[in-house]
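Input: a single structure, listed below in structure tokens.
Just so we're on the same page: letters track the sequence lines, and every chain starts at 1. Any value given below was found using the heavy atoms of this structure, including those in side chains, with hydrogens, waters and symmetry copies removed.
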Amino acid sequence: MKRRVARLLEVEQIDSAQILAVTFTRVAAEDLHRELVSLEVPGAGGLHGRTLHSLAMSILMRNHVLAVLGRTPRPLNEYELEPLLADLGNHHGNKHARKRLIRAYGAAWARLQTQEPGFARSPADQAFADELVEWLTLHEAMLMDEVIPHLFQYLRGNPGAPERAEYSHLLIDEYQDLNRAEQDSLQFLGENSSICIIGDDDQSIYSFRHAHPDGIRHWAVLHPTDEHAIAECRRCPTTVVRMANTLIARNAGRLGGAMTERAANGPGEVVVCQFGTAEQEATAVATKIASLIEAGVPPREIIVLAQRRTFASPIFHRLRADGIPTKSYYAESALDTVEAQERFAILKLLLNNEDRVALRWLLGRGHPNWHTNPYRRVLEHVRQTGTSLWEALTSLSDGILVIPYTGALVDRFEEIKAELEVLGASADFDDFLQQWLPDNPETELLSETVTLCREGIDNPADLFGALYDAISQPEVPLEVAEVRVMSLHKSKGLSSPYVFIVGCVEGLLPAQLGPETSPEDRLAKLQEDRRLFYVGITRVKSDLPNRTGYLALTYPQTMVASEAFSSQIAPVRVRRGIAYLQPSRFLAEIAPHAPAPQFNSPL
DNA sequence: GGGAGAGACGTTTTT
DNA sequence: CGTCTCTCCC
């Protein structure tokens with residue numbers, strides 16, 4: 001991608017404004033920009049990689065699309081989904097089903113690669129969408145996921161949109177991770193351009209957001225294409241390439257064939273080891289990492305991949321305890337506790353009484369059903385009279401307005417209002433901070449974030465802005481110095497000379513599926529999990545001349561049953577609180593090229 | 001609105 | 001296995 005951009009700029013003399021480079025993540029976008037700058041090609045520094053979401057948002061804002069629809073670009077925080085889900089009511093199915101519907105709506109209802117995006121596929125879907133949009137409109141907010149459906153509708157409905165003719169060259173990275181709505185939106189943006197897509201169907205691992213490998217597989221069938229296959233695996237040791245080839249060969253409909261080994265990389269070292277318990281597994285991994293570091297391996301060259309937090313945490317804590325610099329990518333968000341969420345909501349409401357989502361969250365907080373019924377009554381009044389939520393509640397509180405069965409809600413409102421008054425009366429910013437966020441172990445992470453971004457800030461509005469950015473768009477350091485502990489999903493795009501994959505057990509890799517899952521879905525998910533494992537093992541890098549690459553695949557025989565259940569790992573059987581596990585079938589699949597498994601031995 | 005009891009759920013993840 | 005969610009009833 002980088003080299004193509006360089007060629008367009010340098011050889012073909014294309015204006016950088018005519019080139020659109022789209023990436024899946026913010027990190028990839030920053031990465032691309034950094035690489036382009038380092039190329040020292042004239043104009044390359046002016047080209048920024050963009051995520052599809054940021055591009056969508058700027059197109060929608062530029063064209064006042066949301067304003068015309070009566071929508072407000074106030075994004076919902078993750079935790080603010082709770083009252084929304086409660087208010088939507090269970091005639092749409094249980095909470096789980098409602099979440100799934102929100103996700104499908106965010107994919108513009110194209111759940112499958114073969115489905116055309118843009119319209120609900122059933123009256124039930126449509127009814128759900130109507131209710132969802134009504135709630136969001138009334139609460140003057142939107143879901144992050146709505147950006148794509150809105151972009152798609154805008155581009156489809158406006159054949160004359162300037163954006164459809166803005167670019168002469170489109171470059172799209174990680175194409176296999178895009179769902180149909182995203183693919184089709186990009187198709188509109190590039191309808192008069194040369195399009196270059198980059199991706200690997202064997203690394204498609206985002207079906208939960210309705211991205212399927214068939215998207216990239218069908219590309220060349222639908223568009224005249226000049227294909228460039230990259231067959232040689234330049235990164236991995238030869239043993240790993242062989243393992244990966246036999247593994248992925250079991251998947252159907254693949255675009256490419258086997259990867260070619262690069263003999264110069266050397267065979268590498270692969271270890272497969274079973275442990276009696278998950279605890280022993282964690283200890284062995286941590287011990288091996290400690291000895292590697294002892295031997296002079298820089299911590300940043302070691303990654304530990306765990307598909308569940310429950311496998312990641314003990315290793316992370318053990319390494320930390322040993323004084324080894326370690327970073328967990330499962331790290332908690334500052335808004336993980338209800339207490340922190342409440343502080344954040346109070347701040348939002350203090351800055352804007354009309355922040356209806358914050359107010360709705362605060363009104364329902366702590367109640368099993370979020371006070372759905374009384375809230376619905378108040379909302380009905382707001383809807384009919386066109387007053388604001390804050391005004392309606394103030395009138396109720398003052399007794400000017402009477403709505404039956406809303407007593408508990410009004411009591412709660414008065415508490416909130418009283419707290420806002422106290423905060424509004426604080427003497428100065430320090431006093432305000434003390435009042436707003438008193439010391440509390442439950443809000444410790446939020447306090448830390450406040451400390452981090454407090455510099456130069458002397459009012460609540462700026463504090464909120466800085467906090468919001470710090471929480472929703474955390475800085476990703478370009479250079480890490482630590483051992484990294486992360487999920488297989490997060491590891492995509494990384495490579496490292498030392499890779500540990502822990503918890504390689506059946507029921508996790510591949511994952512357990514619900515009893516209702518259809519045979520086709522089962523097969524599709526099995527193949528996706530196989531790709532996930534494939535992504536994991538191919539993170540190993542031969543870093544010659546020093547290192548030929550090390551991969552450890554480990555799995556426990558038993559683990560604490562409650563942990564297995566709470567992290568959706570299907571045990572073979574459970575006895576006295578202990579879950580018994582079987583090795584991942586993927587280990588059997590790579591067996592022809594992998595070493596024989598060891599038991600309880602040092603790695 | 002609250003309590004009791006039955007039943008479902010829990011994960012990975014991007015913007 | 002432990003907790004949350006849902007339904008039913010008062």
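- The side chain of A:Ser562 approaches C:dC1 more closely than any other nucleotide in the set B:dT15, B:dG10, C:dC1.
- Counting to the nearest Å, the C1' atom of C:dT5 and the CD atom of A:Glu82 are 11 Å from each other.
- Across all strands shown, A:Phe311 has no heavy atoms under 4.0 Å from either base or sugar-phosphate atoms.
- Residue-to-nucleotide proximity on DNA chain B shows that, of A:Met144 and A:Ser567, the 5′-proximal contact is made by A:Ser567.
- One can place OH of A:Tyr105 at 20 Å from P of B:dT15, the figure rounded to the nearest angstrom.
- Counted within 6.0 Å of CD on A:Glu482, heavy atoms from surrounding residues, nucleotides or ligands total more than 12; the atom is thus considered enclosed.
- Checked for salt-bridge contact, A:Asp201 and A:Arg531 miss the test: no charged N lies under 4.0 Å from a carboxylate O.
- We find that CD of A:Gln512 is positioned 15 Å from P of B:dA8, with the value rounded to whole Å.
- The listed nucleotides are B:dT14, C:dT5, C:dC1; the one nearest the side chain of A:Phe24 is B:dT14.
- The closest side-chain heavy-atom distance from A:Leu171 to A:Ile195 is not below 4.5 Å.
- With A:Tyr329 as the aromatic partner, A:Arg484 does not meet the cation-pi criteria of under 6.0 angstrom to the ring centre and within 45 degrees of the ring axis.
- Residue A:Ser566 is in base contact, counting any heavy-atom pair closer than 4.0 Å across all strands shown.
- Rounded to an integer number of Å, the gap from CZ of A:Arg98 to P of B:dC9 is 11 Å.
- Distance from the side chain of A:Ser487 is smallest for B:dT12 among the nucleotides B:dT12, C:dC6, B:dT14.
- Taking every side-chain heavy atom of A:Ala561 into account, C:dC1 is the closest of B:dT12, C:dC1, B:dT14.
- Look at A:His96 and you'll find a side-chain N or O under 4.0 angstrom from OP1 or OP2 of B:dG10.
- Among the candidates A:His53, A:Gln187, A:Arg209, the single residue satisfying the side chain to side chain donor-acceptor pair (under 3.5 Å) test with A:Glu182 is A:Arg209.
- Going from the P atom of B:dT11 to that of C:dC6 covers 16 Å, rounded to whole Å.
- Considering only side-chain N and O atoms, A:Asn94 lies under 4.0 angstrom from the phosphate OP1 or OP2 of B:dC9.
- Counting any heavy atom pair closer than 4.0 Å across all strands shown, A:Asp145 reaches a base atom.
- Spacing between atom CD1 of A:Ile148 and atom P of B:dT15 amounts to 12 Å, rounded to whole angstrom units.
- No contact: A:Arg576 has no heavy atom under 4.0 Å from any strand.
- Note on A:Pro374: only backbone sugar-phosphate atoms sit closer than 4.0 angstrom, heavy atoms only; bases stay farther off.
- With distances taken from any side-chain atom of A:Lys95 to the nucleotides C:dC6, B:dG2, B:dG10, the minimum falls on C:dC6.
- Atom CE of A:Met57 is separated from atom C1' of B:dT14 by 16 Å (rounded to the nearest Å).
- When rounded to the nearest whole Å, the span between CD of A:Gln568 and P of B:dG10 equals 6 Å.
- Within the cation-pi definition used here (under 6.0 Å to the ring centroid, within 45° of the axis), A:Arg573 qualifies as a partner of A:Tyr580.
- Where A:Lys525 and A:His371 meet DNA chain B, the nucleotide closest to each residue was compared, and A:His371 sits on the side nearer the 5' end.
- Atom CD in A:Gln183 sits about 19 Å away from atom P in B:dT14, given to the nearest Å.
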